[in-house]
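Working notes, structure below.
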Amino acid sequence: MSAASKPNFATRGDEAMQEARKAASTSMFKWKPDWEKAAIKYQEAAKNYGIAHKYDKQVEALEACAAAFEKLDSYHTVAKCYEDAARVILKHDGKKQAESAALLQKSSAYYRTNSEPDKSVAVLLKAAAALEKNEDVDGATQLYAEALAVVNEEGRGKFNADSFNTALSFMVRHERWDDAVDVLRKCGDMYKEHVQTYSAQLRRNSLALLVVLFAQKKYAQAEEEMKTMIEDQSLGNGTDEFEAANGMLTAYQNEDAEAFAALVKTQTFTFLPNQVARLARTLALDVDVARTQLAETKTMTLDADGNVAEEDDGTNIM
C-alpha cells in the first residue's frame with residue numbers, strides 16, 4: 001500500500017469524534033441526543049486514535065464514550081471506558097499517575113453501581129498503586145482503605161484475600177504501622193468467618209500482627225493481643241505460630257535481645273506475608289523499652305496447657 005493510500009487513522013478519529021458530538025447534540029429539528037450512536041462513534045474514535053498513537057485524544061474519546069454510555073445506563077461499559085482511559089495513561093505517560101488514579105476511582109464506582117464489587121476492588125487497588133508510584137502515600141493509603149471497605153461491606157472477603165495482602169504490603173513498606181494493624185485486624189476477622197478454609201492463614205495473620213506491634217515497640221500491647229489470640233484460638237495451640245508468638249513474648253519478658261534476634265530468623269517467620277517476613281528478619285528487641293513497659297504492666301506466662309497465667313510483678317506487696 002502506497003503512502004498516499006495508507007489510512008490516516010488520526011483523521012478517521014477526528015471524523016468519528018465530530019460525528020459523535022453531532023449525535024450527542026440537539027438542534028431545532030433534533031430534540032433528543034442519539035446517545036447510542038454517539039457512544040459507538042466515540043468508541044470508533046478511541047480505537048483510531050490508539051492506532052495513530054494519539055494517546056491524549058484517545059483518552060478524551062474514552063471519557064466522552066463513558067459519558068455517553070452513562071446516559072444509556074450501561075454502567076459496566078462506563079466503568080470499562082474509564083478503566084481503559086486510565087490504562088492508556090499508565091502505559092504511555094508515567095507522569096500522569098494521579099490522573100489515571102482519578103479515572104480508576106470513577107471506574108470502580110461504576111463497577112460497584114453495576115453490582116460488580118470484585119472488579120470495583122481490583123480497580124481501586126490499581127488506583128492506589130498508581131498513587132504510590134506518584135509518591136502520594138496518603139492518597140494511596142486512603143484508596144487501599146476504600147478497597148478493603150468495599151470488600152467488607154459487600155461481604156467479599158473470601159474472594160479477595162489477596163487484596164488484604166496487597167494493602168498490608170503497602171502499609172508495611174511505607175511504615176504506616178497503625179494502618180497495617182487495621183488491615184491485619186480486618187483480614188483476621190475475615191479468616192475467622194471462614195476458619196475451616198483459612199485456619200493456617202489465620203495463624204500467620206495473627207503472628208504477623210504481633211510482628212507489626214513489635215516493630216512499633218508496643219510490646220505490652222502485643223502481650224494483650226496474645227491473650228485474646230489464645231482465647232479465640234487464632235494462633236491454634238501448640239502450632240509453629242503459637243510457639244513463635246510465645247517465644248517473642250518470652251524474650252520480651254526476659255529482656256533477652258539475643259534470644260529474640262535468633263527467634264525471628266527461624267523458618268516460621270518466613271511463611272508470613274512477604275513484607276512482614278522481611279520486617280521480621282530486621283526486628284530487634286529494644287531492651288530499655290521492654291524494661292520500661294514491663295515495669296508498668298503485669299507479665300503474662302503460659303502454663304503447660306497453653307492457658308494464660310498472670311504473675312505478680314512485685315508491685316502488690318501485702
Any [X] side-chain heavy atom under 4.5 Å of [Y] side chain:
X      : Y      : result
Arg204 : Leu207 : no
Gln105 : Glu146 : yes
Phe69  : Gln43  : yes
Lys192 : Leu202 : yes
Phe9   : Lys47  : no

Cut-off 3.5 Å, side chains only: do [X] and [Y] have a donor facing an acceptor?
X      : Y      : value
Asp179 : Tyr144 : no
Tyr111 : Glu83  : yes
Glu132 : His174 : yes
Tyr82  : Asp84  : no

* Asked: When Phe260 is tested against each of Phe214, Phe269, Tyr219, Tyr252 for ring-ring contact (aromatic ring centres under 6.0 Å, His included), which residue passes?
  -> Phe214

Shared hydrophobic cluster for [X] and [Y] (ILVMFWY, side-chain gaps under 4.5 Å):
X      : Y      : value
Val264 : Val287 : no
Val150 : Met171 : yes
Val121 : Leu168 : yes
Val59  : Tyr49  : no
Val172 : Phe170 : yes

Under 6.0 Å from the [atom1] atom of [X], do we count more than 12 heavy atoms belonging to anything else shown?
X      : atom1 : result
Lys186 : NZ    : yes
Lys71  : NZ    : no
Gln216 : CD    : yes

Considering non-hydrogen atoms only, spot the tightest contact between [X] and [Y] and give its length.
X      : Y      : result
Gly139 : Leu131 : C-CD1, 3.6 Å
Lys217 : Val289 : O-CG1, 3.9 Å
Ala39  : Leu72  : CB-CD1, 4.5 Å
Leu210 : Ala222 : CD2-O, 3.5 Å
Ala251 : Leu285 : O-CD2, 3.5 Å
Ala45  : Gly13  : CB-O, 3.5 Å

Any chance you could measure [X], atom [atom1], to [Y], atom [atom2], to the nearest 0.5 Å?
X      : Y      : atom1 : atom2 : result
Met229 : Met226 : CE    : CE    : 8.5 Å
Met248 : Gln253 : CE    : CD    : 12.0 Å
Lys106 : Leu104 : NZ    : CG    : 11.5 Å
Thr268 : Arg203 : OG1   : CZ    : 10.5 Å
Leu148 : Met190 : CG    : CE    : 10.0 Å
Lys95  : Asn134 : NZ    : CG    : 12.0 Å

* Asked: Is there a salt bridge (charged side-chain N to carboxylate O under 4.0 Å, His left out) between Arg185 and Asp182 once you walk through the steps?
  -> CA-CA 5 Å; Arg185 290 192 195 285; Asp182 186 55; over 6 Å; no

Please check: side-chain N/O of [X] versus main-chain N/O of [Y], any donor-acceptor pairing under 3.5 Å?
X      : Y      : result
Thr266 : Leu263 : yes
Thr297 : Gln293 : yes
Asp232 : Ser234 : yes
Asn8   : Ala10  : yes
Ser74  : Glu70  : no
Ser100 : Ala86  : no
Thr250 : Asn246 : yes
Ser120 : Glu116 : no
Asn205 : Leu184 : yes

* **Residues Glu153, Arg112; criterion side-chain contact (heavy atoms from CB on, under 4.5 Å); working and verdict** => CA-CA 11 Å; Glu153 290 168 14; Arg112 193 174 184 190; 2.8 Å; yes

Please determine if [X] and [Y] form a salt bridge, counting it only when a charged side-chain N lies under 4.0 Å from a carboxylate O.
X      : Y      : result
Arg291 : Asp288 : yes
Lys218 : Asp178 : yes
Asp34  : Lys22  : no
Lys37  : Glu44  : no

* Kindly determine whether Phe242 and Ile230 satisfy side-chain contact (heavy atoms from CB on, under 4.5 Å), including the steps that lead there. => CA-CA 9 Å; Phe242 178 93; Ile230 291 168; 4.2 Å; yes

* To do: Before giving the answer on side chain to side chain donor-acceptor pair (under 3.5 Å), spell out for Glu135 and Gln97 the whole-Å C-alpha distance, their side-chain angles and the decisive distance to 0.1 Å.
  => CA-CA 10 Å; Glu135 299 183 356; Gln97 302 289 345; over 6 Å; no

* Asked: Yes or no on side-chain contact (heavy atoms from CB on, under 4.5 Å) for Asp138 and Arg176, after CA distance, side-chain angles and deciding distance?
  -> CA-CA 10 Å; Asp138 289 340; Arg176 307 294 287 241; 2.9 Å; yes

* **Pi-cation contact, Phe159 with Arg156 (under 6.0 Å, within 45°)** => yes

* Check the pair Met17 / Glu60 against side-chain contact (heavy atoms from CB on, under 4.5 Å), numbers first and verdict last. => CA-CA 10 Å; Met17 283 290 282; Glu60 180 186 354; 4.0 Å; yes

